[in-house]
Amino acid sequence: MRDSAEIIVSDALLEWYDRHAREMPWRIGPADRAAGMRPDPYRVWLSEVMLQQTTVAAVRDYFLRFTTRWPTVQALAAAPDEQVMGEWAGLGYYARARNLLKCARAVTQNYDGRFPDSFEALLNLPGIGPYTAAAISAIAFDRPETVLDGNVERVMARLHDIHDPLPGSKPLLKEKASALTPAIRPGDYAQAVMDLGATICTPKSPACGICPLRDPCQSRVAGTQTDLPRKTPKKPKPTRYGHVYVAQSADGAMVLERRPDKGLLGGMLGWPGSEWNDAPAERPPFPANWKMLSGEVRHTFTHFHLILRIWTTDAADHDIPEHLTVVDKHSFRPGDLPTVMRKAYDLWRGQ
DNA sequence: CATACGTGGAC
DNA sequence: TGTCCAAGTAT
């Protein structure tokens with residue numbers, strides 16, 4: 001139930017969106033939209049999964065590479081796991097890539113390659129949560145679902161001057177966002193709020209002077225914009241340490257290890273090594289004359305800092321244990337490694 | 001409800 | 001350099 005004030009806000013947002021919508025590879029143009037066309041659900045799904053906790057700038061090239069290599073959900077479903085993980089390398093949150101494949105295979109097998117259009121059905125697919133289910137349903141299928149992401153949370157908290165901290169305030173913020181969602185163009189409305197949050201109503205220094213919602217915005221009156229949304233404070237990150245072992249055989253092959261599917265960097269290729277903790281024991285993957293490189297790799301994950309020592313040997317033609325993966329010189333691509341492992345490779349190469 | 005889960009850019 | 005943060009999901 002939208003009252004006149006809510007209609008004014010959503011109309012202002014849509015009008016702003018029509019003038020300022022950013023070009024993105026997964027969007028269709030205004031002319032096609034006006035002609036009643038919808039974007040390809042496969043492309044909407046792929047972009048939304050890539051965009052989870054990830055900026056548009058970081059996603060763009062990955063999206064283009066994925067859709068060039070796998071133009072349809074059936075093509076992606078048929079891809080070998082290691083190719084998809086390699087293509088995802090560097091984008092982070094690797095559970096997304098594992099769930100991406102599970103989802104593509106479920107859609108191919110259970111839905112004949114056509115994504116379901118309802119929020120409920122989408123929510124049951126791997127890697128699709130409340131945000132992504134609503135986004136696909138609204139954007140690809142024109143369903144009146146309301147998305148609640150970080151942008152929408154921020155815009156709603158400021159528009160209504162809500163001081164209750166996240167994540168507890170989510171239900172209230174969702175309620176406010178739902179009240180604004182129009183029956184027509186719900187997908188454009190969703191993208192309009194998110195674009196506004198990404199370009200105007202930014203976390204640090206919002207451009208209130210050019211905001212289409214500057215008149216109805218309550219936090220602008222109160223002067224509380226940059227204090228909102230409030231969030232519960234985060235825990236400090238501990239520092240952990242580790243050893244990794246970079247070995248190359250005489251013919252140029254690299255000795256790597258496929259990490260287990262669960263946990264940090266799950267399913268990705270990496271250098272064998274120690275545990276990562278306060279004081280890890282050295283743990284060479286096979287006996288050899290290992291030398292520690294000078295320098296170290298520093299990397300920060302979501303919840304801890306990591307300092308890695310890099311070891312190498314030029315005598316890697318010993319017996320290589322079965323659980324390791326030997327990748328020949330011409331097949332090895334540093335770009336298939338997650339960033340922390342690529343940093344170790346860079347240090348080794350530059351020794 | 002809290003925690004695990006990546007990375008790069010902005011300030 | 002350190003901290004925050006981004007179109008979140010799974011457990």
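Numbers restart at 1 for each chain; the letters A, B, ... are given by sequence-line order, proteins then strands.
Within 4.0 Å (heavy atoms only), Pro130(A) reaches sugar-phosphate atoms of the nucleic acid but no base atom. Heavy atoms of Thr339(A) sit under 4.0 angstrom from primed sugar atoms or phosphate atoms, though from no base atom. Among the protein residues, Arg154(A) comes within range of the sugar-phosphate backbone only, with heavy atoms under 4.0 Å from sugar or phosphate atoms but none that close to a base. Looking at heavy-atom distances under 4.0 Å, Ser47(A) makes no contact with the nucleic acid at all. Here Met341(A) lies out of heavy-atom contact (under 4.0 Å) with every strand. Counting any heavy atom pair closer than 4.0 Å across all strands shown, Val56(A) reaches a base atom. Using a 4.0 Å heavy-atom distance criterion, Lys170(A) is classed as making no nucleic acid contact. Within 4.0 Å (heavy atoms only), Leu91(A) reaches at least one base atom of the nucleic acid.
For the pair His305(A) NE2 and dC4(C) C1', the interatomic distance rounds to 12 Å; values are reported in whole Å.
A distance below 6.0 Å separates the ring centres of Phe304(A) and Phe301(A).
The shortest side-chain heavy-atom distance between Ile128(A) and Trp45(A) falls under the 4.5 Å cut-off.
Checked by atom type, the side-chain pair His299(A)/Lys343(A) shows a donor-acceptor distance below 3.5 Å.
Geometrically, Arg259(A) engages Trp276(A) in a cation-pi contact, judged by NZ or CZ lying under 6.0 Å from the ring centre and within 45° of the ring axis.
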